[in-house]
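Structure record follows, encoded as structure tokens.
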Amino acid sequence: MFGHRADGELLRKIDPIIALTPYLMPMRCDAQVFLNYKLDYEKMARYIVEQGNNGNKFTFMELIIAAYVRVISELPEINRFVANKRLYARTQLTVSFALLKETGDPNDIEENTVKCYFDPRDTIFDIAERVSAAIEQNRREEADNSTMKLAKLLLNPVLANTVVAAARFLDRYGIMPKYILDASPFHTSMFFTQMASIGMPAVNHHIYNFGTTSLFVSMGSVIRESTVGPDGKMVRKRYLPVGITADERICAGAMYARLVDRFMHYLANPSLLETPPETVRFEEGNEYSLPKPKEKRFSRKKQQNLEA
């Protein structure tokens with residue numbers, strides 16, 4: 001409350017025009033900007049194959065997330081959000097995404113939602129390790145993370161309406177309990193959706209008014225197009241379509257232009273993601289925090305056996 005939140009620090013040194021924008025467009029659905037790009041599939045695929053031959057298994061999703069994390073290390077202004085018409089710098093760097101659970105029945109479709117935490121100094125190797133670990137943990141049929149546990153508690157419509165209304169109020173004034181913030185996939189730096197995994201094209205997904213997501217990225221199925229090669233002849237090329245939906249209120253348009261430029265640069269040269277960035281920028285000294293690993297708890301008898 002009064003500018004203090006568990007997931008963000010109130011920004012004070014911002015452009016007056018940017019500070020005024022949330023009052024003109026109070027909701028994220030007012031301020032959505034849609035962008036569509038085609039990534040060079042051939043370059044990314046060759047890199048994935050080369051790394052696979054070296055024993056490193058990467059996916060296209062991991063490359064895209066790694067490029068995003070690297071851009072945030074250079075442009076922390078992208079990792080902002082608007083709450084109660086005020087602009088905040090996030091205290092964490094996170095990416096949420098949905099995945100299909102392995103139920104064993106092709107007709108039984110169940111989803112789980114995951115939120116991964118990253119360090120802006122992460123390399124592609126770190127990103128792949130974090131993402132693959134989260135997927136492995138949450139894809140099992142019996143897996144229920146805090147998001148799913150919270151969702152199951154709200155199956156009753158009366159309870160759901162009451163809890164969601166209370167959550168909106170608490171979130172608006174920055175007094176949402178940290179447990180709910182951690183469980184909510186909507187309180188995240190970027191929401192990523194892998195449309196290619198279900199054979200769909202890239203979409204421009206809406207940004208949720210609930211939560212703090214300022215960027216939604218969608219990756220679609222590979223497309224093939226004819227283009228003119230360097231020799232003037234027609235050639236067939238494969239592209240990976242990406243749909244981006246952004247909250248235009250969080251920074252100037254020129255900053256988003258730099259985001260796209262750096263994002264495309266790293267995906268065209270993914271080997272640059274193998275080493276940590278030389279420098280990392282943070283807004284107003286707001287360094288990101290990673291969640292503390294959960295401590296293993298033993299029974300008193302087992303603890304005594306370990307100490308013996």
Side-chain angles (χ1 to χ4, degrees), residues 1-26 28 31-33 35 65-96 115-123 126-127 130 171-176 178 181-182 184 186-192 207-208 211-217 244-263 265-266 273 276-291:
M1 187 174 286
F2 306 116
H4 299 285
R5 294 179 58 99
D7 56 349
E9 294 288 340
L10 182 66
L11 288 170
R12 305 184 184 282
K13 300 176 182 178
I14 52 177
D15 185 287
I17 298 299
I18 294 176
L20 176 65
T21 304
Y23 292 90
L24 302 176
M25 296 180 285
R28 286 184 185 81
Q32 294 180 131
V33 174
L35 307 99
I65 293 176
Y68 168 76
V69 170
R70 182 57 53 88
V71 171
I72 295 301
S73 72
E74 302 174 4
L75 308 173
E77 294 84 357
I78 302 299
N79 197 22
R80 294 173 174 174
F81 66 89
V82 175
N84 199 22
K85 301 184 181 69
R86 307 184 80 179
L87 205 60
Y88 292 82
R90 294 184 196 277
T91 55
Q92 293 175 325
L93 175 53
T94 57
V95 175
S96 296
K115 181 158 68 174
C116 279
Y117 295 78
F118 300 101
D119 188 305
R121 304 170 186 84
D122 281 345
T123 66
D126 301 316
I127 300 292
R130 295 183 195 273
D171 193 33
R172 179 178 180 181
Y173 292 102
I175 51 178
M176 178 89 80
K178 192 174 186 304
L181 291 174
D182 292 340
S184 169
F186 310 112
H187 292 78
T188 186
S189 305
M190 178 180 81
F191 209 115
F192 181 87
I207 301 179
Y208 301 98
T212 61
T213 310
S214 300
L215 196 67
F216 213 115
V217 176
I244 301 174
T245 306
D247 184 345
E248 71 163 316
R249 302 173 301 172
I250 65 170
C251 61
M255 189 62 66
Y256 271 128
R258 292 177 62 188
L259 159 70
V260 173
D261 177 68
R262 301 304 296 162
F263 183 70
H265 173 71
Y266 284 119
L273 301 171
E278 294 183 3
T279 58
V280 175
R281 288 184 59 231
F282 295 99
E283 281 202 279
E284 300 182 9
N286 177 40
E287 293 202 23
Y288 308 132
S289 60
L290 289 172

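In this text, all values refer to a predicted model and were calculated from it rather than measured experimentally. Just so you know, these numbers use all the heavy atoms, side chains as well, and skip hydrogens, waters and symmetry mates.
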*Using a 4.5 Å cut-off on heavy atoms from C-beta on, say whether the side chain of Asp126 contacts that of Asp119.*
no
*Step by step, work out the side-chain hydrogen bond (donor to acceptor under 3.5 Å, both in side chains) result for Ser289 and Thr91.*
CA-CA 6 Å; Ser289 60; Thr91 55; 5.0 Å; no
_Would you compute the distance between atom CZ of Arg70 and atom CG of Asp122 and round it to the nearest 0.5 angstrom?_
8.5 Å
*Side chain Ser214, main chain Arg80, donor-acceptor under 3.5 Å*: yes
*Go through Tyr256 and Leu75 one step at a time and tell me if the side-chain contact (heavy atoms from CB on, under 4.5 Å) criterion holds.*
CA-CA 9 Å; Tyr256 271 128; Leu75 308 173; over 6 Å; no
*Could you tell me whether the side chain of Leu181 reaches within less than 4.5 Å of the side chain of Lys115, counting heavy atoms only?*
no
*Any sub-3.5 Å donor-acceptor pair from Gln32's side-chain atoms to Thr245's backbone N or O?*
no
*Establish, for the pair Arg262 and Tyr266, whether the NZ or CZ atom is under 6.0 angstrom from the six-membered ring centre and no further than 45 degrees off its axis.*
yes
*Which atom pair, heavy atoms only, marks the closest approach of Arg86 to Leu10?*
NH2-CD2, 3.2 Å
*Of the non-hydrogen atoms in Asp247 and Ala31, which two are nearest, and what is the gap between them?*
OD1-CB, 3.5 Å
*Please confirm whether the backbone N or O of Glu74 pairs with a side-chain atom of Arg281, one donor and one acceptor, at under 3.5 Å?*
yes
*Test item: Phe118 and Ile72 side chains (from C-beta on) under 4.5 Å apart, heavy atoms*: no
*List the atom of Ala246, the atom of Ile207, and the distance in Å for their closest heavy-atom pair.*
C-CD1, 3.6 Å
_Tell me if a side-chain donor or acceptor on Glu284 pairs with a main-chain N or O of Arg12 at a distance below 3.5 Å._
yes
*Just wondering, do Thr212 and Arg5 contact through their side chains at under 4.5 Å, heavy atoms?*
yes
_Value rounded to 0.5 Å, distance of CD1 in Ile18 from CD in Glu248_ = 10.5 Å
*Please round to the nearest 0.5 Å and tell me the distance separating atom CD of Glu9 and atom CG of Leu87.*
13.0 Å
*Backbone N/O of Ala89 and side chain of Asn79: donor-acceptor pair under 3.5 Å*: no
*For side-chain contact (heavy atoms from CB on, under 4.5 Å), just list the numbers for Met25 and Val82, CA-CA rounded to whole Å, side-chain angles, deciding distance to a tenth of an Å, and then say yes or no.*
CA-CA 11 Å; Met25 296 180 285; Val82 175; over 6 Å; no
*Working to the nearest 0.5 Å, report the span between CG of Leu273 and CD1 of Ile127.*
8.5 Å
*Taking all heavy atoms of Thr213 and all of His187, pick out the closest pair and write down the distance.*
OG1-N, 4.4 Å
*Roughly how far, to the nearest 0.5 Å, is CE of Met255 from CG of Asp15?*
10.5 Å
*What heavy-atom pair brings Pro277 and Pro120 nearest, and what distance separates the two atoms?*
CG-O, 3.6 Å
*Please name the residue in the list Tyr208, Tyr88, Phe186 that meets the ring pair (Phe, Tyr, Trp, His ring centres under 6.0 Å) test with Phe81.*
Tyr88
*asked:* Does this structure show an ion pair linking Lys13 with Glu283, if we count only N-O contacts that are shorter than 4.0 Å?
replied: no
*Would a 4.5 Å heavy-atom cut-off, applied to side chains only, mark Lys85 and Pro26 as touching?*
yes
*Taking all non-hydrogen atoms of both residues into account, name the closest pair between Cys251 and Ile78 and its distance.*
SG-CD1, 3.9 Å
*Nearest 0.5 Å, what's the CD1-CD1 distance between Ile250 and Ile14?*
11.5 Å
*If only atom types and distance count, is the side chain of Asp7 paired as donor or acceptor with the main-chain N or O of Thr188 below 3.5 Å?*
no
*Walk me through it: do Tyr68 and Val217 pass the test side-chain contact (heavy atoms from CB on, under 4.5 Å)?*
CA-CA 10 Å; Tyr68 168 76; Val217 176; over 6 Å; no
